[in-house]
Amino acid sequence: MGTGEPVRRTVWLDSADPESVRVIDQCLLPFEYAEVSIRTAEGMAAAIRDMVVRGAGCIGASAGYGMYLAALEARYMSGADGAAHLERAGAALEASRPTAVNLSWAVQRQLGELAGITAGDERVTRAREIAESIADEDVASCAAIGQYGLGLIEEIYARTSRPVNVMTHCNAGWLAFVSHGTATAPMYAAHDAGIPVHVWVSETRPRNQGARLTAWELGEHGVPHTLIVDNAAGHLMQHGKVDLIIVGSDRTTINGDVANKIGTYMKAVAAADNDIPFYAALPSSTFDPSSRDGLADIPIEERDPREVTNATAFHDGHQIEPRVAAPGTGAINYGFDVTPARLVAGIISERGICRASEESILSLYPEFVGGVISR
Ligand code: MRU
């Protein structure tokens, strides 16, 4: 999964039945590897909501394919009815999860490019092409992010001549995108280039995407890694055991505020206190150029409190949810937090590394001048 053609994708069209989209069921990993077929736009919205597919890039690409499924459903409708069906399907997909902007970016791209096509078959063909492009672009972007991020790891290795300790949070790996991942792509690239790299993987309560998904991914690729509880991150930084932090992002404002899995902000604060560079790795589909204030503007998903009061585990081949909180205790479950740009050393994008500032971001992405995501 280094720089070459990826081994697997998280979402793809079924070659035997191109009216069906295949995904990896990420709720079962790493205890069971299962693929499922999704045949309706509504089914895709449910898969995103229930986190069968998850991670910003993966749900963006899945939404792109969801719109293709909607176009199939609208194939024999009149032009106006078909357009209304696509709008409804797009709204349902966008509503399935609020924070990752890749979702609405993909839906709006489909709606924008399909607007004006009234013939059902033509709309299906175009929606399929767009969905495939979104997925292919995600793969290419993540591969490029890997190469740019590799430079950071190479530089530390050249200076220290010892294994480079990188910390990450949650899962911004290939499972969170179509392939490669963002935060993990430089780690894979470094490992493939023979640079000794070791990754601190924080478990990322409550859903444990670090313990379950990132640890699994890194292990499959042979990248040395160690699991820590989320609360150990600051301790490791204080003791000089972290050279670099790379996280993903679900939405990044045009001035460089980064929304990412809950707990990211605390890592960034501890990193600043210990002079450790804290980078966010993200493709352009994760920018929200309409926002300059992450705290004010970015909607933060609140999930079922049971994810906090209960753990999820696999036992005898079954998923179980043993309670960990005292009976009767209430909980609140924020999915994401916002790390202000001032704590972000840089953004690793598919066009290079820039500072977390509007000027620097716009120098790489001049098309965002004016603050709109073009449909
Ligand atoms: O809730 P999830 O699993 O969809 O959250 C996404 C994440 O894993 C992260 O926040 C990630 O670091 C950025 S998304 C690639």
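Predicted model only: the values in this text are computed from it and were never measured. Numbering of ligands and ligand atoms starts at 1, following listing order.
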Which atoms of ligand 1 are found less than 4.0 Å from any heavy atom of [X]?
X: Arg97; value: 1 (O), 2 (P), 4 (O)
X: Asn171; value: 7 (C), 8 (O), 11 (C)
X: Phe336; value: 1 (O), 5 (O), 10 (O)
X: Gln209; value: 1 (O), 2 (P), 3 (O)
X: Ala176; value: 15 (C)

Which residue and non-hydrogen atom of the protein lie closest to [atom], and at what distance in Å?
atom: atom 1 (O) of ligand 1; answer: Lys261 NZ, 2.6 Å
atom: atom 14 (S) of ligand 1; answer: Ala56 N, 3.3 Å
atom: atom 15 (C) of ligand 1; answer: Phe177 CE1, 3.1 Å
atom: atom 7 (C) of ligand 1; answer: Cys170 SG, 3.5 Å

Query - Electrostatic pair Asp230:Arg205 at N-O distance under 4.0 angstrom - result: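 No salt bridge links Asp230 with Arg205.
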
Query raised in the report: For Gln26 and Gln209, does a side-chain donor sit closer than 3.5 Å to a side-chain acceptor?
Result: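 Side chains of Gln26 and Gln209: no pair found under 3.5 Å.
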
In the structure I gave you, are the side-chain heavy atoms of [X] and [Y] within less than 4.5 Å of one another anywhere?
X: Thr253; Y: Ile298; answer: yes
X: Cys170; Y: Val247; answer: no
X: Leu86; Y: Gln110; answer: no

Requested in this report: With side chain to side chain donor-acceptor pair (under 3.5 Å) as the test, would you mind laying out the steps for Glu217 and Tyr188 before giving the verdict?
Outcome: CA-CA 10 Å; Glu217 271 193 30; Tyr188 292 134; 2.6 Å; yes

Requested in this report: Could you point out which residue of Arg207, Arg54, Lys261 forms a side-chain contact (heavy atoms from CB on, under 4.5 Å) with Asn171?
Outcome: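 Output: one option passes, namely Arg54.
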
Give a yes/no on ligand 1: does [X] have at least one heavy atom closer than 4.0 angstrom to it?
X: Gly57; answer: no
X: Asp250; answer: yes
X: Arg207; answer: no
X: Met51; answer: yes

Requested in this report: Would you mind telling me if ligand 1 is within reach of the side chain of Ser249, the backbone, both or neither, using heavy atoms under 4.0 Å?
Outcome: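 Answer for Ser249: backbone.
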
Report task. Find the distance between CD1 (Ile153) and NE2 (His191) and round it off to the nearest 0.5 Å. Result ->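 Atom-to-atom, Ile153:CD1 and His191:NE2 are 12.0 Å apart.
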
Report task. Would you check the N or O atoms of Gly55, main chain and side chain alike, for any that come under 3.5 Å of an N or O of ligand 1? Result ->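 Such a contact does occur with ligand 1.
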
Query raised in the report: Thr182 to ligand 1: N or O pair under 3.5 Å?
Result: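 The answer is no, given that Thr182 and ligand 1 share no N or O pair closer than 3.5 Å.
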
Query raised in the report: Has the side chain of Thr10 got a donor or acceptor atom that lies under 3.5 Å from a matching backbone atom of Phe177?
Result: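 A pair under 3.5 Å: yes.
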
Report task. Counting heavy atoms only, name the option from Ile262, Asn260, Asn102, Thr264 that's nearest to atom 11 (C) of ligand 1. Result ->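 Among Ile262, Asn260, Asn102, Thr264, the closest heavy atom to atom 11 (C) of ligand 1 comes from Asn260.
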
Query raised in the report: Any idea which heavy atoms bring Lys267 and Ser202 closest together, and the distance?
Result: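 Lys267 and Ser202 have their closest heavy atoms at NZ-OG, 3.0 Å.
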
Query raised in the report: Yes or no on side-chain contact (heavy atoms from CB on, under 4.5 Å) for Glu220 and Arg8, after CA distance, side-chain angles and deciding distance?
Result: CA-CA 12 Å; Glu220 284 230 314; Arg8 264 183 303 209; 2.8 Å; yes

